[in-house]
Amino acid sequence: MPAARAGEPAPVIIDFADNRLLVQLFGEHDAHLARIESRLGISVSSRGNRVQLTGDAESTATARVVLEDLYSRLARGLEVAAGDVDGAIRLAEAARLAGADPAEGAAAPAMIRTGRRPVLARTAGQSAYIDALTRNELVFGIGPAGTGKTYIAVAMAVAMLLDRRIDRLILSRPAVEAGERLGFLPGDMREKVDPYLRPLYDALYDMMPSDQVTKRLESGEIEVAPLAFMRGRTLGNAFVILDEAQNTTPGQMKMFLTRLGENSRMVITGDPSQVDLPPGAKSGLVDAMETLGNVQGLSFVRFTEEDVVRHALVARIVRAYAARDAVRDPAAEAGPGRSARPRPGSLS
């Protein structure tokens, strides 16, 4: 391994106990190590079970936390993909900014176990969200696309259903077209509304084997329905998710919130910057943010572009639009009901 040059910080050396895990830790053709090098601006070299990190002290300390966190996941039987590497870097950097001591290592990321695979938090915002979902009966997940707000809510719902903590899982969204006119849709009622609900089905099939999803849909344990079908119901012993809530009207949002029954959880997700309602119509999500800010027993978790976990380009796109909107209307950037992200599990 190369030695440090004069004046450079001493390299950080990590020895790993189990060589069998290092192929997965390093990634195919050392892709994971290259990802860490690129993101943190350091040099990573390996020989046998030893890894050497060369660069500024702050970045190498962060890289050490990342590698030890990923190794710990592999030792627990979990998989590590490129997105997990990015997530571990984000969490390590957030911990550093919060003043955590790198010598203490990384805290285990918040995790939800589902029927198919565990879902781990990849950002500080996602960790706060999972904590809020665990602690509160009603949670609002607010922020841009790609932050995992719906996916994580579905994961929590599936976990609770499999643990028999609830009897039903109900997924809903308003049937509002995203800027296009789709025209007449053939088929029965389910076939007509399925295109609007497809993202929810996609999340379900990620969490559970397809035969189990089909069986539970047929039995009614899992229900996927447009928002209009919620009127007049009381939803007890259920986990209820309303997705794309920015496309509700204030009346629809009030109707939905008042469906909450005994031993139930409710999650509302949406992005106030992507409202597809007719011009001049107020979003029910925005109205709820203004109205319910001081109500005890519920939690608002606000995601930012820093929480986007899709392709890195998506985060840059979200950031560019946010910057443009801030220039157009600085007052609107704060938005109704917006504030700093709450502490995990805190009430807003």
Side-chain angles (χ1 to χ4, degrees), residues 123-126 128-129 132-133 136 138-154 171-180 196-197 199-200 203 226-228 230 240-258 266-295 298-310 314-343 346-348:
T123 71
Q126 289 187 353
Y129 190 44
L133 292 173
N136 296 281
L138 175 58
V139 177
F140 286 79
I142 301 163
T147 52
K149 53 190 183 294
T150 302
Y151 192 84
I152 290 173
V154 173
L171 308 173
S172 184
R173 28 166 32 190
V176 175
E177 297 162 344
E180 304 97 358
Y196 297 102
L197 305 169
L200 299 176
L227 177 60
M230 298 296 106
V240 193
I241 300 172
L242 176 61
D243 189 32
E244 298 289 345
Q246 74 275 5
N247 289 328
T248 62
T249 65
Q252 288 174 325
M253 177 61 76
K254 180 181 177 183
M255 177 275 291
F256 181 80
L257 291 172
T258 54
M266 187 173 280
V267 182
I268 293 90
T269 67
D271 179 2
S273 72
Q274 295 194 41
V275 176
D276 298 310
L277 295 171
K282 186 172 185 178
S283 165
L285 178 61
V286 172
D287 185 68
M289 293 163 66
E290 295 172 347
T291 305
L292 304 178
N294 295 320
V295 174
L298 59 86
S299 177
F300 285 89
V301 179
R302 294 170 174 84
F303 296 91
T304 71
E305 63 271 12
E306 300 301 322
D307 295 304
V308 173
V309 294
R310 289 182 185 165
V314 175
R316 294 196 292 271
I317 290 171
V318 170
R319 197 174 296 118
Y321 274 103
R324 182 206 63 181
D325 294 341
V327 170
R328 286 183 176 179
D329 187 357
E333 176 65 9
R338 295 198 180 201
S339 64
R341 179 186 295 138
R343 297 185 304 277
S346 67
L347 299 180
S348 298

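The two residues Asp307 and Gly125 make their nearest non-hydrogen contact at OD1-N, 3.3 Å. For Val139 against Ala132, the heavy-atom pair with the smallest separation is CG2-O, 3.5 Å. The minimum heavy-atom distance linking Tyr151 with Ala203 is given by the pair CD1-CB, 4.2 Å. Among all heavy-atom pairs drawn from Pro272 and Ile142, the shortest one is CD-CG2, 3.6 Å.
Taking OG1 from Thr147 and OH from Tyr129, the interatomic distance works out to 8.0 Å, rounded to the nearest 0.5 Å. Taken to the nearest 0.5 Å, the NZ atom of Lys254 stands 10.0 Å off from the CG atom of Asp287. To the nearest 0.5 Å, atoms CE (Met255) and OG1 (Thr249) are separated by 8.0 Å. Note: Leu227 CG to Asp243 CG = 11.5 Å, rounded to the nearest 0.5 Å. Rounding to the nearest 0.5 angstrom, the gap separating the CZ atom in Arg173 from the OG1 atom in Thr150 is 7.5 Å. With values rounded to the nearest 0.5 angstrom, Thr123 atom OG1 is found 9.5 Å from Glu306 atom CD.
A distance-only check finds a donor-acceptor pair linking the side chain of Asn247 to the backbone of Asp276 [under 3.5 Å]. Side-chain atoms of Gln246 never come within 3.5 Å of backbone atoms of Val286 as a donor-acceptor pair (strictly under, hydrogens ignored). Judged by distance alone, the side chain of Lys282 and the main-chain N or O of Pro250 form no donor-acceptor pair under 3.5 Å. Under a 3.5 Å cut-off, the side chain of Thr269 and the backbone N or O of Gly141 do not form any donor-acceptor pair.
Val295 is not listed as a side-chain neighbour of Leu138, based on a closest heavy-atom distance of 4.5 Å or more. By the 4.5 Å heavy-atom criterion applied to side chains, Ser172 and Leu200 are not counted as neighbours. Within the 4.5 Å cutoff, side-chain heavy atoms of Met253 are placed close to those of Ile268.
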Audit row: Phe256, Met266, side-chain contact (heavy atoms from CB on, under 4.5 Å) steps and yes/no = CA-CA 10 Å; Phe256 181 80; Met266 187 173 280; 3.5 Å; yes
